[in-house]
Amino acid sequence: MAQTGLDLQTIERVNWSPNGDARFSRQKDRSVVAEKYLLLAHRLRRMRQTKPLQTVLITSSVPAEGKTSVAANLAHVLTRHGSRVLLLDADLRAPDLPRMLGLPSSLPGLTDFLDDEIQFEAALRCISPLELFVLAAGKHVEDPLDKLESPSFKFLLNVARETFEWIIIDSPPLAPFADAHHLASLVDGVFLVVRWGMTPRRELEQSVASMAGLPLRGMILNAYDQKNHDDYYNYYQSGRTVRPTLFSR
């Protein structure tokens, strides 16, 4: 485990083939949704001028709030300035990144590395032409938290920090498992995705309270519906305009 960085030239490349959730297949996309993600990325770059913010955890209170879509699209727009970005799927209970990005569900990934079955470089993929590096969750494991608490996972994060400017981590929701809280203790910043009109207030309050002592940097309001004012916005997901807005702490 003496490795201090990765040789990115050796990473296997795959073609971009999104299924519709990770929308930004065009580098010059100027839809209102793309602009909102660009603004979100700008806010994160501004935040790290005053505090460390290299490893970023995206989570939510409950499932189906859009955390994986937010993580994927945020990672994508961060590459637009030439940054080396790693999108890491640490939701070992319900991984969704391969489906969203149009990658094979059988991709090796994080758990294969943690079980010493492959090297870090062999687990990574680089999506062309986005130049976005992805580490899928890998094979199913019986005890995800045990894997995430292993020294090998901390080692992986340290190697990633030596190689990438941004590490965007998709994690399980905060309830009912402890995975996200453990991951939050290892990163520089946590952002909580809140889905407009869906996230129960009680769940949100409990989630924020559970993050005491952990680096909760803000909340991202997802799927905000403002139809009366934004009739010209022609981008919808499940009938709602997807416009991520960051409320920072």
Side-chain angles (χ1 to χ4, degrees), residues 5-31 33-42 44-45 54-59 66-92 94-114 117-139 156-157 159-171 187 191 193 220 222 235 237 242 244:
L6 299 173
D7 181 2
L8 297 183
Q9 300 301 316
T10 67
I11 306 304
E12 181 177 336
R13 305 179 76 84
V14 294
N15 292 326
W16 172 245
S17 180
N19 79 340
D21 292 333
R23 300 281 182 169
F24 306 136
S25 57
R26 300 185 304 278
Q27 287 295 97
K28 296 183 179 180
D29 185 358
R30 283 295 180 264
S31 69
V33 186
E35 292 296 339
K36 286 293 182 179
Y37 276 109
L38 287 167
L39 177 59
L40 182 58
H42 172 73
L44 264 62
R45 285 193 294 269
Q54 181 185 15
T55 49
V56 176
L57 188 73
I58 307 295
T59 188
K67 64 177 182 59
T68 301
S69 180
V70 169
N73 285 293
L74 174 60
H76 178 186
V77 298
L78 284 169
T79 67
R80 290 193 174 189
H81 290 270
S83 296
R84 293 187 303 277
V85 181
L86 172 63
L87 176 60
L88 194 164
D89 192 350
D91 188 347
L92 304 184
D96 199 35
L97 274 177
R99 180 198 64 81
M100 180 175 294
L101 298 176
L103 302 176
S105 59
S106 58
L107 268 185
L110 176 58
T111 55
D112 302 277
F113 169 80
L114 296 179
E117 295 180 0
I118 56 176
Q119 297 295 314
F120 196 170
E121 287 92 342
L124 284 172
R125 294 295 183 273
C126 179
I127 298 180
S128 297
L130 307 181
E131 296 303 310
L132 171 62
F133 292 87
V134 176
L135 180 60
K139 67 181 182 182
L156 179 146
L157 281 183
V159 173
R161 287 187 183 99
E162 294 290 330
T163 307
F164 298 99
E165 296 165 70
W166 291 96
I167 303 162
I168 308 300
I169 304 173
D170 180 31
S171 89
V187 301
F191 293 89
V193 175
I220 299 172
N222 192 29
Y235 183 95
Q237 176 174 299
V242 178

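What you see is a predicted model, and the numbers here were worked out from it, not measured in a lab.
- At least one side-chain heavy atom of Glu131 sits under 4.5 Å from a side-chain heavy atom of Cys126.
- Looking at Lys67, its side chain does come within 3.5 Å of a backbone N or O of Ser171 through a donor-acceptor pair.
- The line from CZ of Arg161 to CG of Leu156 is 10.0 Å long, rounded to the nearest 0.5 Å.
- Taking both residues in full, the closest heavy atoms of Arg13 and Ser128 are given as NE-OG, 3.1 Å, listed atom of the first, atom of the second, then distance.
- Put simply, the residue from Leu88, Thr163, Leu135 that forms a side chain to side chain contact (heavy atoms under 4.5 Å, CB included) with Leu124 is Leu135.
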Applying side chain to side chain contact (heavy atoms under 4.5 Å, CB included) to Leu74 and Phe191, what does each step give before you reach the verdict?
CA-CA 12 Å; Leu74 174 60; Phe191 293 89; over 6 Å; no
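- Listed here is the closest heavy atom pair of Gln54 and Phe164: NE2-O, 2.7 Å.
- Between Ile169 and Ala90, the shortest heavy-atom contact is CG2-CB, 3.6 Å.
- The distance from the NE2 atom of His42 to the NE2 atom of His81 is 9.0 Å, given to the nearest 0.5 Å.
- Distance check, rounded to the nearest 0.5 Å: OG1 of Thr68 to CG of Asp170 gives 3.5 Å.
- In summary, of the residues considered (Leu40, Val56, Val85), a side chain to side chain contact (heavy atoms under 4.5 Å, CB included) with Leu78 occurs for Val85 alone.
- Taking CD of Gln9 as the reference point, atom CD1 of Ile11 lies at 9.5 Å (rounded to 0.5 Å).
- Distance check: Leu132 CG to Trp166 CH2 gives 14.0 Å after rounding to the nearest 0.5 Å.
- Distance CG/Asp112 to CG/Leu110: 8.5 Å, rounded to 0.5 Å.
- Two residues are said to be in side-chain contact when any heavy atoms from C-beta on lie closer than 4.5 Å; Asp96 and Asp91 fail this criterion.
- Remark: side-chain polar atoms of Glu165 are paired, donor with acceptor, to backbone N or O of Arg84 under 3.5 angstrom.
- The nearest pair of heavy atoms linking Tyr37 to Ser69 is OH-O, 4.0 Å.
- Among Leu86, Asp89, Leu101, the single residue meeting the side chain to side chain contact (heavy atoms under 4.5 Å, CB included) criterion with Val134 is Leu101.
- Residues Leu157 and Ile167 come closest through the heavy atom pair O-CD1, 4.4 Å.
- Closest of all the heavy-atom pairs between Ala122 and Pro108 is O-CG, 4.2 Å.
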